[in-house]
K.L.:
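Have a look at the structure that comes next, please.
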Number of protein chains: 2
Amino acid sequence: MASVDRTVIADLPLFAGLAPEQLDELLREAQSVRYPKGTTVFQQDAEAHSFFVLLHGHLRVYKLTPDGQQVVVRFVSAGEVFGVAMAIGRTTYPATAVAVVDSIALVWPSVAWPRLIAKHPTLAVNTLQTVGSRLQDAHARVVEMSTEQVERRIAHALLRLAQQSGRKVEAGVQIDFPISRQDVAEMTGTTLHTVSRVLSAWEDRGFVASGRQKITILEPHRLFVLAEGGLP
Amino acid sequence: MASVDRTVIADLPLFAGLAPEQLDELLREAQSVRYPKGTTVFQQDAEAHSFFVLLHGHLRVYKLTPDGQQVVVRFVSAGEVFGVAMAIGRTTYPATAVAVVDSIALVWPSVAWPRLIAKHPTLAVNTLQTVGSRLQDAHARVVEMSTEQVERRIAHALLRLAQQSGRKVEAGVQIDFPISRQDVAEMTGTTLHTVSRVLSAWEDRGFVASGRQKITILEPHRLFVLAEGGLP
DNA sequence: GGCTCTCTTTGCGCGGCAGCAAACAGCAGC
DNA sequence: GCTGCTGTTTGCTGCCGCGCAAAGAGAGCC
């Protein structure tokens, strides 16, 4: 297996404040693994044997309800830690992660975690920040679902996606991985039918351009106003 | 100010793995503060000057939306850490905390946090677990709000309240702080009217007994079946 | 005790959105 | 090119739960 250069991870928030030698030391324990599109990286309720840093690609993380419905927890972009079940006191993964495009991740065995944070407490501090910001995202989502109706929730979801995974193209900002109406529906607690209707309406108004598994935001500001409850 | 004995905090998860002398050292930097019923402990968007451990009482933590609606994030019970904004990389509080009964908390200045975790990395690790379990709660809530209808969400909310703040009484389990229909509505993303209707129906069926700012669960199992989607 | 304030209950009507159904359109594979 | 699959669009119907309104009931206070 090709060894990973430290410069690849040096700027990631997780490793902020660590010395080059410490990075090398951490990398020595990691494996770099390829996950072709469609592959499952880990499965909900399975033993949390590893934790990960995504080097390349995009993952879709979702929870499955007892009655078989899926809820998208988030999409993971390159540079993010994920699967840190052990760190938050779990022995199994709370969700399933699937590669939506060909992806590459660094993989550490979970059993190494206690030793790593004992040796590099900065890791725990950085992870705390990461988990904390995810907690805030989750709360923001709870607030949205409690108080906003569907159209505004969808607007918020798209803006968030654009912010973390947007790619600038001529016409606007495109979400740079394949995403279906069903995905957006599972992020916002609605149905693909409703998402389709809303996107069609926006397309007519020129806010977005969308196609099969593809969404481009043409008028981010208009969408923002709509998300905040204004009448654009 | 009366100094706090270490035995009061020795068994709290936050301080797990710390030696008695370390506890004393931490306590020396803390103040014990009383918050009479109705008092605001901290306010959303205010400078996060302190973090806290609740010694006695109950707090209601809520977020205010731009249009003035409240969403209850959680209720804090004795023994829990709260207001750890600084630890998760914020400079302001993301929500407001109000005492729903007379309460007492230990208060540390936020500026001490970096020094404290540098000296006691265990604190960061323990906080990570706490924040992690809150993240899971938040995600569970997102899943519920996405996939369940109101009655089941209310059932889940009550069961969760009973679990963390239930007091066993003759007839069943009572939520041991004053809680209104409005509160339950703001936890589940519905209206006090609907909560009232649902509770009335349950009362008729004998699942719960409720009065003014008071809810007692008589048939936890029945409620559980209902929450999980069965027909009790 | 009586007053007032806050919390709760209940009825009624409407609307947003889900659920169902069926047609349509990219895209891949042969 | 054709075929099949998966994702998308759109119409229609029904109903859950919100919004409004108004009455009822505890609890605190003087």
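We name chains A, B, ... by the order of the sequence lines, and we start the count at 1 in each one.
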K.L.:
Do you know which of B/Tyr62, B/Phe52, B/Tyr35 makes ring pair (Phe, Tyr, Trp, His ring centres under 6.0 Å) with B/Phe42?
P.N.:
B/Phe52

K.L.:
Could you go through A/Val184 and A/Ile179, starting from their C-alpha distance and side-chain angles, then the distance that decides it, and tell me whether this counts as side-chain contact (heavy atoms from CB on, under 4.5 Å)?
P.N.:
CA-CA 7 Å; A/Val184 177; A/Ile179 183 168; 4.1 Å; yes

K.L.:
Is B/Leu192 touching bases, backbone alone, or none of the nucleic acid, heavy atoms closer than 4.0 Å?
P.N.:
base

K.L.:
Return the 5'-most residue of the pair A/Arg197, A/Lys214 with respect to DNA chain C, ranking by each residue's nearest nucleotide.
P.N.:
A/Arg197

K.L.:
Can you give the first and last nucleotides of DNA chain D, 5' to 3', that have an atom under 4.0 Å from a heavy atom of chain B?
P.N.:
D/dG17 to D/dA27

K.L.:
Under a 4.5 Å cut-off applied to non-hydrogen side-chain atoms, are A/Ile104 and A/Arg34 in contact?
P.N.:
yes

K.L.:
Work out which heavy atom in A/Pro178 is nearest to a heavy atom in A/Lys37; give both atom names and the distance.
P.N.:
CG-NZ, 4.3 Å

K.L.:
Does the side chain of A/Ile175 reach to within under 4.5 Å of the side chain of A/Leu158, using non-hydrogen atoms?
P.N.:
yes

K.L.:
Decide salt bridge (charged side-chain N to carboxylate O under 4.0 Å, His left out) for A/Arg74 and A/Asp137; before the verdict, give the C-alpha distance in whole Å, the side-chain angles of both, and the deciding distance to 0.1 Å.
P.N.:
CA-CA 10 Å; A/Arg74 64 185 186 115; A/Asp137 286 352; over 6 Å; no

K.L.:
Give one of base, sugar-phosphate or nothing for B/Ser196, where a contact means two heavy atoms less than 4.0 Å apart.
P.N.:
base

K.L.:
Please identify the 5'-most and 3'-most nucleotides of DNA chain C with any atom under 4.0 angstrom from a heavy atom of chain A.
P.N.:
C/dC17 to C/dC27

K.L.:
Which part of the nucleic acid, if any, lies within reach of A/Arg212 when heavy atoms closer than 4.0 Å are counted: base, sugar-phosphate only, or nothing?
P.N.:
base

K.L.:
Is any side-chain heavy atom of A/Val142 closer than 4.5 Å to one of B/Lys63?
P.N.:
no

K.L.:
In terms of relative ring orientation, are B/His49 and B/Tyr93 parallel, tilted or perpendicular, with 30° and 60° separating the classes?
P.N.:
perpendicular

